[in-house]
Undergrad: 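There's a structure below that I have some questions on.
Keep in mind that the numbers below use all heavy atoms, side chains included, and drop hydrogens, waters and symmetry copies.
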Amino acid sequence: MRSFNDPRKAKIGAVVLLGVIGLLLLLPFIPMQAGAEEAKQESAPAEKKVEKAKDVYYKGPGEFGIVSGPPAPKLKYPDDYGTYGTFQSRTILWVANQQHLYFGSFVLAVPMFVFVMELVGMLQKDKLMAKKYDDMAHEMMKISLTAYSITAVLGGILIFTFLALYPGFFGYLSRIFKPIMHVYALLFILESGTLYIYYYGWDGMNDGGFLKWCHLSIAFLLNTIGIILMFFANSWIGFMMSPAGVDEQGRFLGDIWKSVHTALWHPLNVHRILGNAAFGGGVVAAYASYRFLAAKTPEEKAHYDWMSYVAMFMGILNLIPLPFAGYWLMREVYGYRQQMGITLMGGLLAWVFIMQAMMIAILFVTTNYYLWQAMGRMPGAERYYRLFKYMLLVLIVATISWLTPHTLVMTPAELKAMGGAQHPIVGNYGVMSAKNTAVNIMITTTVFCFCIYQRCNKVPTVKWAAAGNAFLGALFTGAAVNIVFLGIYGYFIPANVRIGLSVPQVCSTLTTLFVGVTINTMMMKGARQLGEVRWGQMSPRGSYALFCLAVSFTWTMAVMGYLRSSVRLHWHVNEILRDNSPWAFTNPVGYAGNMNSMNVLLFWTMLLFVFWLGALSAKKAPVREEEVGVGKATLPAGSH
């Protein structure tokens, strides 16, 4: 009691008591405040978690992207696939895809030729020649216009086929490429409008001046749009073979450029530009041959004879570098996945390459045969007839070497009897060293044949003619010796070193092409004429050869498409999206051969219909005999 009587202690006790009371009063509010803080934290927007993953192709240390899509679906049959009874869905898609590809390639290639022909016509000083080039370009464009409508219809059929039979796969691909699929559709609309303005504005803008240059600019725009569209389509094919821009689960990582710019995109672009151009030239040459064979007047025959020659020349110009573009594509395939390259070149699909080699060999043999036939309308060509049999012998030997397989398909008893799948003698010609040598020799022989064609009805008069002839002889002989020597030397060195020998072989071939043709053309300037070209007097065999050339192009495209698609084996998207349908297997070579043949037959049936439509509305006698002096006129400047 004494303590409470102390005023100082009483004050301290009062303060402590007030503090305790205050704390007691605040106790109910402490949980409320904590709840408010929790509620505040809960009401605040949750910070979004960012997940990053490594790109399946761009595997560098910094190649991580933000996961921006779901993983590739695990497709189930029949939930994610459509069927038409028991018929193979893949076979239906095969036909729809191949037919769209044929017509798409054709309408892509023809405007390229038309642009070149129109430009050449504008640069001509001779008005008659300018009109001839312009008329020919206009006629080519008319054929393309009909084919363009068919291409659009086939494109619609292809999309519906994907949606009906492969909705799961098509949905995944659409999610990845959604940003550019809209652009693709808009570009297609723009291309259609540009095409119609270009074609229907031909006569109205043909003033030979400013409007004509505007018309040519529209052609340039049309070709640019067409090539961009092809690049887009190639990016989808490249993604299916060598996916990029996704992680190992197939999740899109937010960078559409990486999905487009896959390992095989550029090789595919270059290979397809050359292939489409060669194919388009072959088809236009076939159209001209069709019109040549059906022509009733000498004027028509002269016109279509010349047209078939120009189209064939454009096609062959793109055919010659095509094997080299193919080598680049295969090199990149090996670089991306060695197993894919082995499957193509040395495994399951190796025998299809034998078929492909046969078709390309037919292309070169047919081209030479056409040139030999074409020399028959050129006075003075008799001097070179004796060389034909030697060139034919070289082409046959090269073809046989190219066709020889490395290993043979045999029964166990046959394998035991021969001691292995490789023939002890013939099998040695089936290695790449021999095949590279064969194709380079065939190309060099074709270039040599063209040089002869250039000078058939001419005798060089330049002062350095003797030196020029000696140089050309040494050039072609040296190239052939170098190509054959490197081919033989390849048998005595390791395989990894042997691959590098293809580079000097190709250099030898390209030197004959660029240097040889340039020197030969320079020697023909001011040359003495032995007679004018007799346009219209081509033998029917030459025209049939052009048909064979065009069909060979078509068949080669079918074979190459089968190879490119089959190398994915049981994958829709290689190592990302598995094909779980009952048709996830590689078709036998015999089945593929039948399918390719049916596709070729179907395409040419529709194409002959296009030719027939073109003939219905064709103007008769585009160039009169008295205007060009058929039999004494020469065409075109610089072509021979």
Side-chain angles (χ1 to χ4, degrees), residues 274 277-278 281 312-328 357 360-361 363-372 374-375 381 383-384 386-399 401-402 432-456 458 460 462 464-490 500-525 527 638-640:
L274 293 173
M312 187 280 305
F313 177 75
M314 298 287 284
I316 297 305
L317 198 63
N318 291 281
L319 170 66
I320 288 177
L322 190 57
F324 307 133
Y327 283 142
W328 181 33
I360 295 180
L363 289 175
F364 282 109
V365 172
T366 306
T367 300
N368 282 272
Y369 182 76
Y370 170 79
L371 291 175
W372 298 336
M375 291 180 199
R383 299 171 291 165
Y384 300 106
R386 58 189 173 84
L387 298 177
F388 293 171
K389 56 180 177 292
Y390 300 112
M391 287 191 282
L392 180 61
L393 178 63
V394 171
L395 290 172
I396 290 174
V397 171
T399 300
S401 177
W402 202 2
M432 285 307 297
S433 191
K435 296 182 184 302
N436 283 341
T437 303
V439 67
N440 279 286
I441 286 293
M442 294 185 83
I443 295 174
T444 305
T445 304
T446 304
V447 175
F448 178 68
C449 185
F450 180 72
C451 287
I452 291 177
Y453 179 85
Q454 279 187 305
R455 56 170 60 199
C456 266
K458 298 175 182 176
V462 293
W464 49 277
N469 286 331
F471 175 79
L472 287 176
L475 178 68
F476 280 96
T477 304
V481 170
N482 188 46
I483 292 169
V484 174
F485 168 75
L486 292 175
I488 296 173
Y489 181 62
L501 294 182
S502 60
V503 176
Q505 284 184 320
V506 169
C507 290
S508 298
T509 304
L510 293 180
T511 302
T512 62
L513 174 62
F514 293 110
V515 178
V517 173
T518 302
I519 296 294
N520 197 54
T521 304
M522 292 172 62
M523 290 179 66
M524 293 304 108
K525 286 186 178 180
S639 66
H640 53 80

Undergrad: Can a side-chain donor-acceptor contact be found between Ser502 and Asn436 if the only test is distance below 3.5 angstrom?
TA: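 The answer is no; no qualifying pair exists.
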Undergrad: Only one of Asn520, Thr446, Leu475 passes side chain to side chain contact (heavy atoms under 4.5 Å, CB included) with Cys451; say which it is.
TA: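 Considering Asn520, Thr446, Leu475, a side chain to side chain contact (heavy atoms under 4.5 Å, CB included) with Cys451 is found only for Asn520.
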Undergrad: Considering all heavy atoms of both residues, which atom of Thr437 and which atom of Gly487 are nearest to each other, and what is their separation?
TA: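 Shortest heavy-atom contact: OG1-CA, 3.1 Å.
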Undergrad: Could you work out, with side-chain contact (heavy atoms from CB on, under 4.5 Å) as the rule, every residue matching Ala480, not counting sequence neighbours?
TA: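 Partners of Ala480 by the side-chain contact (heavy atoms from CB on, under 4.5 Å) criterion, ordered by chain and then number, come out as Ile441.
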Undergrad: Please identify which of these residues, Ile443, Leu274, Asn440, meets the side chain to side chain contact (heavy atoms under 4.5 Å, CB included) condition with Pro323.
TA: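 Passing option: Ile443.
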Undergrad: State the CH2-NZ distance between Trp372 and Lys389, to the nearest 0.5 angstrom.
TA: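 The NZ atom of Lys389 is 11.5 Å from CH2 of Trp372, to the nearest 0.5 Å.
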Undergrad: Can you find a heavy atom in the side chain of Ser508 that is under 4.5 Å from one in the side chain of Thr512?
TA: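 Of all side-chain heavy-atom pairs linking Thr512 with Ser508, none is under 4.5 Å.
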Undergrad: Working to the nearest 0.5 Å, report the span between OH of Tyr384 and CG of Leu371.
TA: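 Rounded to the nearest 0.5 Å, the OH-CG separation comes to 14.0 Å.
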Undergrad: Could you report the tightest heavy-atom contact between Thr399 and Ala361, atom names first, then the distance?
TA: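 That would be CG2-CB, 3.6 Å.
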Undergrad: Quick check: do Met522 and Val462 have side-chain heavy atoms less than 4.5 Å from each other?
TA: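 Met522 does not reach Val462 side chain to side chain.
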Undergrad: Tell me if a side-chain donor or acceptor on Thr509 pairs with a main-chain N or O of Thr444 at a distance below 3.5 Å.
TA: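 No.
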Undergrad: Between Met524 and Pro460, is any pair of side-chain heavy atoms under 4.5 Å apart?
TA: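 When only atoms from C-beta onward are counted, Pro460 and Met524 do touch, with a gap below 4.5 Å.
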Undergrad: At what distance, to the nearest 0.5 angstrom, does CE of Met442 lie from CE of Met391?
TA: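 The CE atom of Met442 sits 13.0 Å away from the CE atom of Met391.
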Undergrad: Which atoms form the tightest heavy-atom contact between Arg383 and Arg455, and what is the distance?
TA: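 That would be NH2-O, 3.1 Å.
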Undergrad: Looking at side-chain heavy atoms only, is the closest gap between Ile320 and Phe450 below 4.5 Å?
TA: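 Side chain of Ile320 against side chain of Phe450, heavy atoms only: no contact under 4.5 Å found.
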Undergrad: Please report the closest heavy-atom contact between Met375 and Ala381, naming both atoms and the distance.
TA: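 Here Met375 and Ala381 meet closest at O-CB, 3.2 Å.
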Undergrad: Minimum heavy-atom separation for Cys449 and Asn368, please, with both atom names.
TA: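 Shortest heavy-atom contact: CB-OD1, 3.2 Å.
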Undergrad: Kindly indicate whether the side chain of Leu395, heavy atoms from C-beta on, has any atom under 4.5 Å from the side chain of Tyr369.
TA: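 With C-beta onward as the side chain, the pair stays apart.
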Undergrad: Once ring pair (Phe, Tyr, Trp, His ring centres under 6.0 Å) is applied, do any residues pair with Phe476, and if so which ones, sequence neighbours excluded?
TA: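 Result, ring pair (Phe, Tyr, Trp, His ring centres under 6.0 Å) vs Phe476: Phe448.
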Undergrad: At what distance, to the nearest 0.5 angstrom, does CD1 of Ile452 lie from CG of Leu472?
TA: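 The CG atom of Leu472 is 11.0 Å from CD1 of Ile452, to the nearest 0.5 Å.
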Undergrad: Just to verify, what does Leu501 make a side-chain contact (heavy atoms from CB on, under 4.5 Å) with, not counting sequence neighbours?
TA: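 For Leu501 the side-chain contact (heavy atoms from CB on, under 4.5 Å) partners, ignoring immediate neighbours, are Leu486, Tyr489, Ile493.
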Undergrad: Are Tyr327 and Val439 close enough that some pair of their side-chain heavy atoms sits under 4.5 Å apart?
TA: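 Heavy-atom side-chain distance check passes, below 4.5 Å.
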Undergrad: With sequence neighbours excluded, tell me which residues meet side-chain contact (heavy atoms from CB on, under 4.5 Å) with Ala357.
TA: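 Expected list: Trp402, Leu403.
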Undergrad: Roughly how far, to the nearest 0.5 Å, is CG of Leu317 from CZ of Phe313?
TA: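 Between Phe313 CZ and Leu317 CG, I get 5.0 Å after rounding to 0.5 Å.
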Undergrad: Residues in ring pair (Phe, Tyr, Trp, His ring centres under 6.0 Å) with Phe514, at least two apart?
TA: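 None.
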Undergrad: Rounded at 0.5 Å granularity, tell me how far CD1 in Ile483 sits from CD1 in Ile488.
TA: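 Reported value, rounded in 0.5 Å steps: 12.5 Å.
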Undergrad: So, for Thr477 and Gly473, which heavy atoms are closest and what is the spacing to 0.1 Å?
TA: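 What the structure gives for the nearest pair is OG1-O, 2.7 Å.
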Undergrad: Suppose we screen for side-chain contact (heavy atoms from CB on, under 4.5 Å). Which residues come up paired with Thr366, at least two apart in sequence or across chains?
TA: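 Here the qualifying residues are Ile362, Ala545, Cys548, Leu549.
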